[in-house]
Amino acid sequence: MRNEFEELIEVMRRLRAPGGCPWDREQTHVSLAPYLLEEAYETFDAIHESAATGNYEPLKEELGDLLLQIIFHSEIAEERGDFNVGQIASDITQKLIRRHPHVFGDTRMENARAVLDNWDTLKANERLASGKPQPARESLLDDVPVHFPALLEALKLGKKAAKVGFDWKRPEDILEKASEEIGELRDAIEQGEPAKIEEEIGDFLFAVANLARHLEIEPETALKRTNRKFRKRFKFIEERLRSTGVSFESASADEMEQLWNEAKRHDA
């Protein structure tokens with residue numbers, strides 16, 4: 001494996017070297033940032049696609065694309081004299097050892113929850129011991145990045161608040177809260193106030209994200225799976241209409257509803 005990894009690094013260096021690829025040579029950390037995010041999302045999708053189909057070739061390909069982004073950034077950093085890929089690997093190795101004292105030390109952990117709680121404690125202690133200037137935090141929730149996707153941010157905020165006991169006791173309590181939010185959304189729709197409607201939809205989505213957390217469901221994964229299901233069923237409608245020479249414009253709502261139900265039966 002070492003030879004393959006070293007070959008990847010050498011190829012990246014050749015692309016960045018004089019006489020290499022003009023596009024690759026122009027890239028910076030900032031210009032590559034969107035590609036890193038894109039590849040991370042494509043890897044996320046590939047994980048679930050591979051799990052559903054049993055074909056892990058897409059996941060292998062997307063992990064390769066994601067690894068390329070890391071190597072690309074590390075090569076840029078090495079050229080600048082900031083750090084190199086070896087230091088990245090060494091740092092994360094030492095971090096894993098430090099944060100798993102129940103594996104590499106004598107600490108005992110009873111369950112996964114204790115492991116996660118200890119991870120957070122060790123992470124906080126490392127911040128203090130680093131001697132680096134720490135960002136001012138006025139709230140426990142400041143640890144949750146505001147630039148996270150909204151659904152992930154909602155999940156993380158709920159987890160943080162729950163750590164200090166600010167949480168619903170049962171999933172049923174959150175269902176009641178969600179029902180309450182739907183009622184408030186109905187009122188806002190009747191009043192015809194766009195700003196209020198937006199607020200109530202946000203409140204409802206936040207409640208749903210926390211319901212998923214209580215039920216130990218990752219909401220982004222759940223929504224992605226539903227999105228893929230919708231794509232599949234909508235494509236079924238498109239294909240059936242196309243096969244009968246009927247356009248969307250001429251198809252009635254009842255006809256499309258019937259096709260949707262047929263698509264659901266095919267999924268069952």
Side-chain angles (χ1 to χ4, degrees), residues 1-47 56 58-105 107 109 115-149 152-153 155-156 159-160 220:
M1 183 174 67
R2 181 181 297 275
N3 289 339
E4 289 90 341
F5 192 73
E6 290 175 349
E7 183 180 9
L8 172 59
I9 295 171
E10 287 303 317
V11 168
M12 191 71 253
R13 285 176 179 164
R14 178 71 182 88
L15 291 172
R16 292 275 300 177
C21 174
W23 185 88
D24 288 295
R25 283 175 54 80
E26 290 177 358
Q27 301 314 303
T28 66
H29 290 308
V30 174
S31 70
L32 287 174
Y35 297 104
L36 177 61
L37 187 61
E38 178 182 325
E39 296 300 347
Y41 273 110
E42 290 182 1
T43 302
F44 181 94
D45 283 340
I47 288 171
Y56 282 84
L59 178 56
K60 183 184 75 172
E61 180 179 350
E62 295 303 337
L63 285 171
D65 291 344
L66 188 58
L67 177 60
L68 170 60
Q69 292 301 310
I70 296 170
I71 297 301
F72 211 148
H73 280 281
S74 66
E75 179 61 21
I76 292 172
E78 184 167 4
E79 292 168 3
R80 291 164 45 90
D82 296 329
F83 55 82
N84 59 45
V85 69
Q87 290 169 313
I88 294 173
S90 177
D91 286 355
I92 192 60
T93 298
Q94 294 307 311
K95 182 185 290 185
L96 284 172
I97 293 172
R98 287 196 309 272
R99 295 191 184 176
H100 290 82
H102 52 293
V103 177
F104 300 102
T107 304
M109 298 286 171
V115 171
L116 289 176
D117 288 342
N118 192 57
W119 178 284
D120 287 342
T121 299
L122 292 170
K123 183 177 179 180
N125 291 340
E126 287 172 11
R127 281 181 186 159
L128 292 174
S130 68
K132 299 177 183 176
Q134 301 299 316
R137 286 182 170 80
E138 299 177 354
S139 167
L140 177 71
L141 302 182
D142 288 345
D143 285 335
V144 180
V146 296
H147 56 266
F148 270 2
L152 178 59
E153 182 184 9
L155 180 68
K156 295 290 188 179
K159 285 182 177 180
K160 279 290 183 182
E220 182 75 14

Original post:
With sequence neighbours left out, what residues match D143 under salt bridge (charged side-chain N to carboxylate O under 4.0 Å, His left out)?
Top reply: R127, R137, K160
Subject >> Heavy atoms from other residues, nucleotides or ligands near OH of Y35 exceed 12 (cutoff 6.0 Å) >> reply: no
**OP:** Could you check if a side-chain atom of E42 sits within less than 4.5 angstrom of a side-chain atom of L66, using non-hydrogen atoms only?
**Re:** no
Original post:
So, the side chain of D142 versus the backbone of S139: is there a donor-acceptor pair under 3.5 Å, distance only?
Top reply: yes
**OP:** Taking ring pair (Phe, Tyr, Trp, His ring centres under 6.0 Å) as the test, write out the residues that go with Y56, two or more places apart.
**Re:** none
**OP:** Show the numbers, then the answer: is there a salt bridge (Lys or Arg N to Asp or Glu O under 4.0 Å) between E126 and K95?
**Re:** CA-CA 10 Å; E126 287 172 11; K95 182 185 290 185; 5.8 Å; no
Subject >> Closest contact, heavy atoms only, F104 versus I97 >> reply: CD1-CA, 3.7 Å
**OP:** Mind listing the closest non-hydrogen atom pair of L59 and A46 along with its distance?
**Re:** CA-CB, 3.9 Å
**OP:** Name all pairs fulfilling the salt bridge (Lys or Arg N to Asp or Glu O under 4.0 Å) condition that reach into residues 22-32, sequence neighbours left out, sorted by first residue then second.
**Re:** none
Original post:
Under the 3.5 angstrom rule, does the side chain of S74 hit a backbone N or O of I71 as a donor-acceptor pair?
Top reply: yes
Original post:
Partners of H29 by ring pair (Phe, Tyr, Trp, His ring centres under 6.0 Å), sequence neighbours excluded?
Top reply: H73
**OP:** Apply the test side-chain contact (heavy atoms from CB on, under 4.5 Å) to residues L63 and L67: give CA-CA distance (whole Å), side-chain angles for both, the deciding distance (0.1 Å), then the verdict.
**Re:** CA-CA 6 Å; L63 285 171; L67 177 60; over 6 Å; no
Subject >> Distance-minimising heavy-atom pair for S31 and P34 >> reply: O-CD, 3.4 Å
Original post:
According to the salt bridge (Lys or Arg N to Asp or Glu O under 4.0 Å) rule, which pairs have a member within residues 13-22, sequence neighbours left out?
Top reply: E10-R13, R13-E75, R13-E78, R16-E79
Subject >> Nearest non-hydrogen partners of L96 and H100, listed with the distance >> reply: O-ND1, 2.7 Å
Subject >> Minimum heavy-atom distance Q69-L32, with the two atoms named >> reply: OE1-O, 3.9 Å
Original post:
Partners of K159 by salt bridge (charged side-chain N to carboxylate O under 4.0 Å, His left out), sequence neighbours excluded?
Top reply: none
